[in-house]
Amino acid sequence: MPELGLSLTAVDSGLLSPLIPGQTKLSWFLLAPDGDSVAGTGVILPYTSSDPVPGACNLEFGLDIDPNIYLHYNIFETTIHFAPANIGYSRGSNPPACDTEVGENTRWRLRYDIYQYFLPESDLSEQSLITSIQSVANVQTMREHGTRVMTLSSNDKTEVVFSSIPGQGVIYSVIVRDPVLNTSSSYIPVHTYACSFSSTLDGCDTLGKISTRIFFTIAGLAGLFVCFFGHRFFKCELFCMGFGFAAFLFFVLITRTTKLDYDIRLTLTAVIGVVGGVILVMSWWRFGSVMSCVVAVGLMLGFLISSIVFFTPVGDIQVFRSNVVFWVTFSCIVVGVPGGCLTGNITTCGVAGAYAVVLAVNAYIYTSLSYITLNILKRFLNDNFSKAFTDVPFQDIDFIMITVWVVLGVSGIVLQFYRERTRPFFPPSPYLMWLQERERRKTNVLDPSHHTSSLPSRLLARARQLTGRRESAGECTPLLL
């Protein structure tokens, strides 16, 4: 019968059992709480008296000695907690006190290395999980296959936050080190997919919503057009860029201020995006300020470049945990990118248009490149996301999509530069052209249109032609127009 303090019901659970002198046998019992058949794997790790004892200074969780890692996740972040460890001790002796002293001969000398290991992308199978757990279960294999994210001292809080990647399997582990004795031991590795296998809505198998796929498929097709023809069809380019900015900002606003269903928010976002695109086009059509519109387009390029910078390990530097430092630096990069020229405009078309294609592919096949902008969106929406580590896996599909992005972007930029080499930098404003033409007609008396009546020119010419025919035939019938 499971006893309090000696048993645990959880996923990825483990027990640590101190042995007494002369003990050569130990039994554990594994039960499924609901009586269902479950698949699993068991790993036994022996430690010596010089190795640190994971979870031996537990004051928070249910076990007397708790080597487990407790994981919680939501759509934005994944958080792991664990109990502090203690230094090793021999069989039959009393364990060292946890908090009575602070010095080199106590647990305060211990260090905690936080590791993560990414499972194969888009692989949700049990066999993949079990094989991966076995491959990183102990200290040596985790160091060989995993990635060390950070190191905590005994003075730090035993809590680490990561960015959630729904549908991507991740194994987290903590290795506690004793720098004096040069020994180490592992906590029980824990895994997550940041989604539910039991939910029929938003489950791991139904992550790709139909509305999301429709939205990003249309966005991808528009991005492909802008990538190769954006500068030539300037109004279409302005509409797409205005749509992107307005949709992004409105989605942030409506998500932070309302609890509407996702599909409703996405629909409203599309509508506001269309409004934003029309406003940008009409501002150019009415006022003719090409530079102001192109600078707005250049901000899109700045946004992407700034997002790429913080997508790299730069984003995990400690100083950028401060929201003030992060947003000031992010904004400086955005506004520092030149966009108010022909070069910047065509470059924006190529880079942003190709990235829209990458996002469209992500709606069907997971790629880590989507987190270039998704991490920024999460930081907008979640005030606590600044604490999260934003590492993502880079596997075969990601390198393929990087190649597609580069090839599309470079091809679009080169093609547009070649096509526009003999054309004016930017098309004139239709409204200003109409004003100039009207003024020219008023002042140029030699222009035949200066003497033209308000009747449409083709209708007036036809009337003159008919009148001439009737006069030549000697008729005096009046012509009604």
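As the structure is a prediction and not an experimental result, all values here were calculated from the model.
Taking each heavy atom of Val136 and Pro189 in turn, the nearest pair found is O-CG, 4.0 Å. Residues Pro52 and Ser185 approach most closely at O-OG, 2.8 Å, considering heavy atoms. In this structure, Phe76 and Lys378 approach most closely via the heavy-atom pair O-NZ, 3.6 Å. Here the closest heavy-atom approach between residue Ser370 and residue Tyr355 is recorded as O-OH, 3.6 Å. Between Ser128 and Leu119, the shortest heavy-atom contact is OG-CD2, 4.3 Å. Closest non-hydrogen pair, Gln23 versus Pro18, comes out as OE1-O, 4.3 Å.
Every residue two or more places apart in sequence or in another chain was checked for a disulfide bond (SG atoms under 2.5 Å apart) with Cys227, and none qualifies. Considering only residues two or more places apart in sequence or on other chains, Ile165 meets the side chain to side chain contact (heavy atoms under 4.5 Å, CB included) condition with Phe118, Gln168, Tyr366, Tyr371, Val392, Pro393.
Under the 6.0 Å distance and 45° angle rule, Arg256 does not count as a cation-pi partner of Phe380.
A 6.0 Å sphere centred on CD1 of Ile75 holds no more than 12 heavy atoms belonging to other residues, nucleotides or ligands.
A donor and an acceptor atom, one from each side chain of Arg111 and Ser153, are nowhere located under 3.5 Å apart. A donor-acceptor contact closer than 3.5 angstrom links the side chains of Asp113 and Thr151. Looking at Asn345 and Thr348, their side chains never bring a donor and an acceptor atom within 3.5 Å of each other. Side-chain polar atoms of Asp398 and Thr367 form a donor-acceptor pair below 3.5 angstrom. A donor-acceptor contact closer than 3.5 angstrom links the side chains of Tyr262 and Thr212.
Note: Tyr112 and Phe82 have tilted aromatic rings, judged against thresholds of 30 and 60 degrees for the angle between ring planes.
Between Phe385 and Asn375 the shortest side-chain heavy-atom distance falls below 4.5 Å. The side-chain heavy atoms of Arg91 and Ile20, taken from C-beta on, include no pair separated by under 4.5 Å. Using a 4.5 Å heavy-atom cutoff, the side chains of Ile87 and Thr106 are not in contact. Within the 4.5 Å cutoff, no side-chain heavy atoms of Asp178 are placed close to those of Asp51. Residues Ile80 and Ile114 form a side-chain contact, since some pair of their non-hydrogen atoms from C-beta on lies under 4.5 Å apart. Tyr47 places none of its side-chain heavy atoms less than 4.5 Å from the side chain of Leu19. Under the 4.5 Å side-chain criterion, counting only non-hydrogen atoms from C-beta, Tyr115 is not in contact with Val149. Ile397 is listed as a side-chain neighbour of Glu121, based on a closest heavy-atom distance under 4.5 Å.
Within the 3.5 Å criterion, the main-chain N or O of Leu63 finds a donor-acceptor partner in the side chain of Asn58. No donor-acceptor pair closer than 3.5 Å links the side chain of Thr192 to the backbone N or O of Gly169. Within the 3.5 Å criterion, the main-chain N or O of Leu408 finds no donor-acceptor partner in the side chain of Ser411. Counting only distance, with no hydrogens or angles, the side chain of Thr329 and the backbone of Val325 share a donor-acceptor pair below 3.5 Å. Using modelled atom types, no side-chain atom of Thr390 and backbone atom of Ser163 make a donor-acceptor pair closer than 3.5 Å. Here the side chain of Arg177 pairs no donor or acceptor atom with the backbone of Ser184 at under 3.5 angstrom. Here the side chain of Thr312 pairs a donor or acceptor atom with the backbone of Val309 at under 3.5 angstrom. The main-chain N or O of Arg213 is found under 3.5 Å from a side-chain atom of Thr217 such that the two form a donor-acceptor pair. Trp405 contributes a side-chain N or O that, together with a main-chain N or O of Val351, makes up a donor-acceptor pair within less than 3.5 Å.
Centroid-to-centroid, the aromatic rings of Tyr73 and Tyr193 stay 6.0 Å apart or farther. Aromatic pair Phe216/Tyr364: ring centres not closer than 6.0 Å. Ring centroids of Tyr117 and Tyr172 are separated by 6.0 Å or more, keeping the two rings apart. Here the two rings, on Phe303 and Phe330, have centers that are under 6.0 Å apart. A ring-centre distance under 6.0 Å is not found for His231 and Phe229.
Taking SG of Cys57 as the reference point, atom CG of Asn86 lies at 4.0 Å (rounded to 0.5 Å).
Considering Asn362, Leu369, Val406, Val357 as possible partners of Met401, the one that fulfils the side chain to side chain contact (heavy atoms under 4.5 Å, CB included) test is Leu369.
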Practice item. Could you walk me through whether Val414 and Phe417 pass the side chain to side chain contact (heavy atoms under 4.5 Å, CB included) test, one step at a time? Key: CA-CA 5 Å; Val414 172; Phe417 273 121; 5.9 Å; no

